[in-house]
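Working notes, beginning with the structure itself.
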Amino acid sequence: MLDLKFIRDNADAVRKNIADRFMEADVDAVIRLFEERNSLILKTDELRRQRNENAGKMKGKMPPEEREPLVAEGKKLKEEIAEVESRLNQVTEELNSEASRIPNMAHPDAPVGKEDKDNLEISRFGGPTSFSFTPKDHVQIAADLDLVDFDTAARVSGPKFYYLKNEAVYLELALTRYALDILRSKGFIPTITPDIAKEEVLEGIGFNPRGDESNIYALENTGTCLVGTAEITLGGYYSGNILDSAELPIKMAGLSHCFRREAGAAGQYSKGLYRVHQFSKVEMFVYCRPEDSDSIHQELLTVEEEIFSGLDIPYRVVDTCTGDLGGPAYRKYDLEAWMPGRGENGDWGEVTSTSNCTDYQARRLGVRFKEDGKNQYVHMLNGTAVAVSRAIIAILENFQQEDGSIKIPAALVPYTGFDTIGPK
RNA sequence: GGAGAGAUGACCGAGCGGUCGAAGGUGCACGCUUGGAAAGCGUGUGUGCUCUAACCGGGCACCGAGGGUUCGAAUCCCUCUCUCUCCGCCA
């Protein structure tokens, strides 16, 4: 969430930012509740001071006729405090709920626009792959080569689940190893994170764990959820901590499963492995000083490009528009890989996303660092190294051969142990 | 899952209804001492909110978390979480 004083002191800018993002949030309510809360805090503090003072007067022995009026005064104060406190709790709760709807401020250079069509293409690696034959989409390829079984998964687990089979299993493992090795060489600490996290961590990261529109699977009666990304578990890693400024930036790489409800998502653009309820992903996460977050964001983008260009997968980079940013992000870049089987004649499909969330998540999660005796919130950034299911789409569709086989990208062969799949 | 023990500041550790934001020690910072260092001595050393022009100085809160008893709770009671030991089960 944003700093409440910032909201109060920059109400117009905050309102404009909300409008630019096409979101709904009530700035005036936040300011009103903030001031109401502050005045209630003042009131409770004063009443408590009186209570403490009153209690302090009767420490030693004293005759009952002196003690009794003090006890009576104490009882009266106790009731008043209880009443003001209950109002304070109520106002605080409302304030938190309203304030959490206010998105992060957007980077001044982030393109203003409503939806993904308004994203700004800023660079490209390779072009749409050309074929001397009619390319198949990954669903067809996977069926022909017996690599993915959607039908059985639908029966056993439900729609949008899948079994990876045969070489696809090794492809998944190879992609995660390939990505982790690159990240480790760049100073990211490799981790495998829990696949479950507490609701409060989800909320701190900026996810809404409940409700029909939520993309999160909540686990009944546990206060926990399946994670939609390791961003949650990596971002929660230092929650409530004050970090040593000398150890910043902290760069972590996390492998986890990702679970997404994707309620209502269907259609041509979501077919096959593109939008599924479960996939594996290697995520990058960085904690850094505020002044470093812009340059580290560029670094994360560079790493993502290195991973995909290293696989010879054509992609373009887009600077995400304000309407498509998501609440916690200050700025976001996506890599969109060329997917020959997407749409009529192939199309770009998102394979990575990197966001600079500045101090928006750190404030709720309480992640700070100490410098010159002062505590400040760190900046937190995240980025996809490889979302395996979508990377598999890009590989199958771009590297398909006329005979129906798949050529494995050279950089991956040491990890897969084979250089082609099929033909069958 | 069963039985027991525990959770106090950066760390160790006392306190078990008011004199406790919390003894003592360690660490750390600064100063004195020294040719320099060590030792020694002295001083200081949490976080958040809030009042204020001001981290000058006040106020409030925080002793795992939440609730309760009380005029008053680190101290008493309840619930929960976590850690440790033993048993059971198990990848």
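The sequence lines fix the lettering, A, B, ..., with proteins before strands; numbering per chain opens at 1.
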- [ ] Tell me, yes or no, whether the heavy-atom count around Q298(A) atom CD, taken from other residues, nucleotides or ligands under 6.0 Å, exceeds 12.
- [x] yes
Open item on the list: Just so I know, are the side chains of T229(A) and F207(A) near enough to count as touching, which here means a heavy-atom distance under 4.5 Å?
Closed with: yes
Open item on the list: Could you tell me how far U47(B) sits from A38(B) if I compare only their P atoms? Round to whole Å.
Closed with: 27 Å
Open item on the list: Going by ring pair (Phe, Tyr, Trp, His ring centres under 6.0 Å), name the residues that satisfy it together with H379(A), two or more places apart in sequence or in a different chain.
Closed with: none
Open item on the list: In the structure I gave you, are the side-chain heavy atoms of L175(A) and L311(A) within less than 4.5 Å of one another anywhere?
Closed with: yes
Open item on the list: Would you say that L40(A) contacts T44(A) through its side chain, given a criterion of any heavy-atom pair below 4.5 Å between the two side chains?
Closed with: no
TODO: Using Watson-Crick or G-U wobble geometry with both distances below 3.5 Å, tell me the partner of A53(B), or none.
DONE: none
Open item on the list: Under 3.5 Å for both donor-acceptor distances, Watson-Crick or wobble: does G40(B) have a partner, and if so which one?
Closed with: C32(B)
TODO: Could you tell me the separation between the CD atom of E80(A) and the P atom of G72(B), rounded to a whole number of Å?
DONE: 13 Å
Open item on the list: With rounding to the closest Å, how many angstrom separate the P atoms on G18(B) and C80(B)?
Closed with: 29 Å
Task: Atom pair distance, as rounded to whole Å: CD in E200(A) and P in A65(B) - done: 13 Å
- [ ] Scan every strand shown for a Watson-Crick or G-U wobble partner of A73(B), both distances under 3.5 Å, and answer none if you come up empty.
- [x] none
Open item on the list: Quick one, L255(A) and K281(A) - any side-chain contact, counting heavy atoms below 4.5 Å?
Closed with: no
Open item on the list: Over all strands shown, is K78(A) touching base, sugar-phosphate only, or nothing at heavy-atom distances under 4.0 angstrom?
Closed with: base
Pairwise N/O distances under 3.5 Å, protein to nucleotides 52-57 of chain B:
from   : atom 1 : to      : atom 2 : distance (Å)
C55(B) : N4     : K374(A) : NZ     : 2.7

- [ ] State whether the side chain of D359(A) and the backbone N or O of A362(A) hold a donor-acceptor pair below 3.5 Å, judged by distance alone.
- [x] no
Task: Atom-pair distance (CZ on R8(A); C1' on U50(B)), nearest Å - done: 12 Å
- [ ] Grab the CZ-P distance between R67(A) and G18(B) for me, whole Å please.
- [x] 13 Å
Open item on the list: Rounding to an integer number of Å, can you tell me how far K76(A) NZ sits from C71(B) P?
Closed with: 15 Å
Open item on the list: Roughly how many Å apart are A7(B) and G72(B), using the P atom of each and rounding to a whole number?
Closed with: 26 Å
Task: Base-pairing mate for A22(B) - Watson-Crick or G-U, with both contacts under 3.5 Å - done: none
- [ ] Give K198(A) one of three labels, base, sugar-phosphate or nothing, depending on what nucleic acid heavy atoms sit under 4.0 Å from its own.
- [x] nothing
Task: Strand partner of A61(B), provided both Watson-Crick or wobble distances fall under 3.5 Å - done: U47(B)
Task: Residue met sooner reading RNA chain B from 5', once E73(A) and R368(A) are mapped to nucleotides - done: R368(A)
Open item on the list: Could you tell me how far apart M58(A) (CE) and U70(B) (P) are, to the nearest whole angstrom?
Closed with: 14 Å
Open item on the list: Roughly how many Å apart are A61(B) and A73(B), using the P atom of each and rounding to a whole number?
Closed with: 9 Å
Open item on the list: For the C1' atoms, the ones on A65(B) and on U8(B), what distance do you get once it is rounded to whole angstrom?
Closed with: 15 Å
TODO: Cation-pi check, R260(A) to Y217(A): give yes when NZ or CZ is under 6.0 Å from the six-membered ring centre and within 45° of the ring axis, no otherwise.
DONE: no
Open item on the list: I'd like the C1' distance from U19(B) over to A53(B), given in whole Å.
Closed with: 37 Å
Task: Nearest-0.5 Å distance that lies between atom CZ in F399(A) and atom CD in Q401(A) - done: 9.5 Å
TODO: Using a cut-off of 6.0 Å, state whether more than 12 heavy atoms not belonging to I192(A) lie near its atom CD1.
DONE: no
Task: C1' atoms of G46(B) and G27(B), separation to the nearest Å - done: 14 Å
- [ ] Sort out the partner of G9(B) for me: Watson-Crick or G-U wobble, both distances under 3.5 Å, none otherwise.
- [x] none
Open item on the list: Taking A22(B) as the reference, what is the distance to G58(B) when you measure between their P atoms (whole Å, please)?
Closed with: 13 Å
Open item on the list: Can you list everything that forms a salt bridge (Lys or Arg N to Asp or Glu O under 4.0 Å) with E53(A)? Sequence neighbours excluded, please.
Closed with: R49(A)
Task: RNA chain B contacts among residues 86-97 of chain A, heavy-atom distance under 4.0 Å - done: none
Restricting both atoms to N or O, compile the protein contacts to nucleotides 58-61 of chain B shorter than 3.5 Å, with distance only.
from   : atom 1 : to     : atom 2 : distance (Å)
G59(B) : N2     : D45(A) : OD2    : 2.9
C60(B) : O2'    : D45(A) : OD1    : 2.7
C60(B) : O2'    : R48(A) : NH1    : 3.2
A61(B) : OP1    : R51(A) : NH2    : 2.9
A61(B) : OP1    : N52(A) : ND2    : 3.4
A61(B) : OP2    : N52(A) : ND2    : 3.4

Task: G-U wobble or Watson-Crick pairing nucleotide for G17(B) (cut-off 3.5 Å, both distances) - done: none
Task: Gap between atom CG of L145(A) and atom CD of Q400(A) - 0.5 Å precision - done: 9.5 Å
- [ ] Could you let me know what G4(B) is paired to, Watson-Crick or G-U wobble, both distances under 3.5 Å, or none if it's on its own?
- [x] C84(B)
Task: Selection residues 97-113 of chain A - residue pairs positive for side-chain hydrogen bond (donor to acceptor under 3.5 Å, both in side chains), sequence neighbours left out - done: N104(A)-T358(A)
Open item on the list: If I take atom CD in residue E68(A) and atom C1' in nucleotide C71(B), what distance separates them, rounded to the nearest angstrom?
Closed with: 12 Å
- [ ] Using the side chain to side chain contact (heavy atoms under 4.5 Å, CB included) rule, pick out the option among D151(A), L147(A), T152(A) that qualifies with Y163(A).
- [x] T152(A)
TODO: In whole angstrom, give the distance that lies between atom CD of E85(A) and atom P of C49(B).
DONE: 19 Å
